[in-house]
Participant: 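Just dropping this structure here.
None of these values were measured; they are calculated from a predicted model. Sequence positions, counted from 1, serve as the residue numbers for this chain. Just so you know, ligand 1 is whichever comes first in the structure, and atom 1 is the first atom listed for that ligand.
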Amino acid sequence: MVVREAWRPEVGRYLEVSRAVRAGELLFQEEPLFLSSRVESVALVEELFDDLQEEAWSLPLATQVFLCVLKELLDSGGQGSEAGSVAAGCACEASACEACPKLEKLAYLKGHVGKWHSSAMMLYQGLKAQVAERVSSERFEELYATCATNAHEADGGDGAALFLKGSMAEHSCRPTAFKQIRAGSGSVPQGETRLVVHALRDLDVGEAISISYIPEYYPTWLRQSMLQHGFNFQCGCERCLSGGAELCCCFVCPECEGPCCPPGAVYEEGAYELLRCEDCGLELHDTELLGALKRAERCEEFATTMSGKLHPYHFKIFHMYLKHLDQVPAGTALQILPQLQEAFHRLRPVEKGHPLHAQLAQCAAECWEKVEDEEQEAGLAWLRAAELYDLCAGPASADAAQCCRAAQRATASGQNDATWRGHTGSGMDEVGRRDAESARR
Ligand SMILES: C[S@@+](CC[C@H](N)C(=O)[O-])C[C@H]1O[C@@H](n2cnc3c(N)ncnc32)[C@H](O)[C@@H]1O
């Protein structure tokens, strides 16, 4: 076993490596204890609640997975096992015991009951009377807190899951590992879902396995606020505490158009009095100018924002492009992608490996495939994506292997132009083709 449990006062239980591991190594994989899709949650809302129907399609992660747990509790005929009964009733190691029912295994996880009290009680009020009769408010609250403290996103953000081991991993805004939730792809058989966790860098024995619960490209104040509101804890990771330059709050230098950032961490939106240009060293502290930049950052002046106050490295620009890449023509996406790659490289150097770098490279390869007569570029781009997946999850990883196969396919298609055109050429729109040509120039 590469992974073992440890404890420290700031985070409670967490995972660490029990031997030295290399970047890209598989740390563990596991099946979910509970897994729910959005559609299942909506059906459960109708079955169990009086008045949540309108919100059913936008339930938070915690509530989604909690509904599955509640259903299991009702199906098991009552209160189920109370927290702690695993240790009392079963001599096994709860997370591994096949014989233990799911609710007993769940008791292995802990939740912050006090922190989730009001959310749990609001839900409890909405229960149908016959459900409330069968579940005490204390049991309800305890289970809700366990779900809220430990839920993971699944199904590309459309589902929610609870994992026994994965839920022990602490959060870091500069994590040492990354998680993927794979459904029926790579080494995961059809019809199954698994959490797969790989090391993002070399780890010495005893180093913590941390994953990021939120995107890493947000500034300190936004990461802290998302963790506080979405996960109910104050992040104490090394990146938040180090107070380093706020690279994601990046403005255009009025002197040289280079990236200008606050030189130290920013813990509240707009709470900086100085920006420093990384290229020419210019220091901006003019109150009026800073005020205009802060308004632009809050998108109060969208037109002026677009006219060049926010640098392309700014997290709002990065986020907007990342989320909408699939809606722009391939040629335009090929112009945007290098900017995204550069922006993320400042946070996570590409040579160190990160799944987002690999995903951006894969996206570039997919775009090159859509551009007519660019089979060679597509082949090279697929190889680059394979190389980056290899860096973060090893050459045997499903993603690296898939990109290698795509590279071979693109190269083979390039050698048989007629086949290639028949395959994709007709789908390419004229604007995208022109964009791609200008991007190449
Ligand atoms: C998924 S649980 C981790 C397992 C939990 N420690 C246990 O004993 O069951 C997440 C909780 O760990 C703590 N935690 C994780 N990462 C943290 C961080 N970076 N800073 C502060 N607390 C953190 C928070 O209390 C959070 O609610």
Participant: Where is the nearest protein heavy atom to atom 18 (C) of ligand 1: which residue, which atom, and how far?
Facilitator: F233 CE1, 3.4 Å

Participant: Looking at R201, R4, R19, which hits salt bridge (charged side-chain N to carboxylate O under 4.0 Å, His left out) with E207?
Facilitator: R201

Participant: Is NZ or CZ of K128 both nearer than 6.0 Å to the six-membered ring centre of F49 and within 45° of the ring axis?
Facilitator: no

Participant: Considering only non-hydrogen protein atoms, determine which one is nearest to atom 5 (C) of ligand 1 and report residue, atom name and distance to 0.1 Å.
Facilitator: R13 O, 3.7 Å

Participant: We want to know whether E273 and H285 form a side-chain donor-acceptor pair, criterion being a heavy-atom distance below 3.5 angstrom.
Facilitator: no

Participant: Please state which protein non-hydrogen atom is closest to atom 20 (N) of ligand 1 and give its distance, to 0.1 Å?
Facilitator: G236 N, 3.0 Å

Participant: Is ligand 1 less than 4.0 angstrom away from at least one heavy atom of L109?
Facilitator: no

Participant: I'd like to check which ligand 1 atoms, numbered from 1 as shown, lie under 4.0 Å from a non-hydrogen atom of N150.
Facilitator: 1 (C), 2 (S)

Participant: With K294 as the cation and Y272 as the aromatic partner, state whether NZ or CZ is under 6.0 Å from the six-membered ring centre and within 45° of the axis.
Facilitator: yes

Participant: Using a 3.5 Å cut-off on N or O atoms only, is Y213 in polar contact with ligand 1?
Facilitator: no

Participant: Using a 4.0 Å cutoff against the non-hydrogen atoms of T149, which atoms of ligand 1 qualify?
Facilitator: 1 (C), 2 (S), 10 (C), 27 (O)

Participant: For the residue pair Y213 and H152, confirm or rule out a side-chain donor-acceptor distance under 3.5 Å.
Facilitator: no

Participant: Could you check whether any heavy atom of Q234 sits closer than 4.0 Å to an atom of ligand 1, since that is the contact criterion I want to use?
Facilitator: yes

Participant: Just by distance, no angles: are the side chains of E366 and Q362 close enough, under 3.5 Å, to form a donor-acceptor pair?
Facilitator: yes

Participant: Does the cation-pi check pass for R194 over F163, that is, NZ or CZ under 6.0 Å from the six-membered ring centre and within 45° of its axis?
Facilitator: no

Participant: Verify the distance criterion only: is there a donor paired with an acceptor across the side chains of E5 and Y14 at less than 3.5 Å?
Facilitator: no

Participant: Taking only heavy atoms of S167, which atoms of ligand 1 are found under 4.0 Å from at least one of them?
Facilitator: 1 (C), 2 (S), 3 (C), 4 (C)

Participant: With heavy-atom distances below 4.0 Å as the criterion, list the atoms of ligand 1 near G12.
Facilitator: 6 (N)

Participant: Using distance alone, determine whether C235 and ligand 1 share an N or O pair under 3.5 Å.
Facilitator: no

Participant: Which protein heavy atom lies closest to atom 25 (O) of ligand 1, and at what distance to 0.1 Å?
Facilitator: H112 NE2, 2.8 Å

Participant: Mind telling me whether F318 and Y217 have parallel, tilted or perpendicular rings, with 30° and 60° as the class edges?
Facilitator: tilted

Participant: Please say whether H171 places an N or O atom under 3.5 Å from an N or O atom belonging to ligand 1.
Facilitator: yes

Participant: Between E170 and ligand 1, is there a nitrogen or oxygen pair with a distance under 3.5 Å?
Facilitator: no

Participant: Give me the residue, atom name and distance of the protein heavy atom closest to atom 14 (N) of ligand 1.
Facilitator: V11 CG1, 3.8 Å

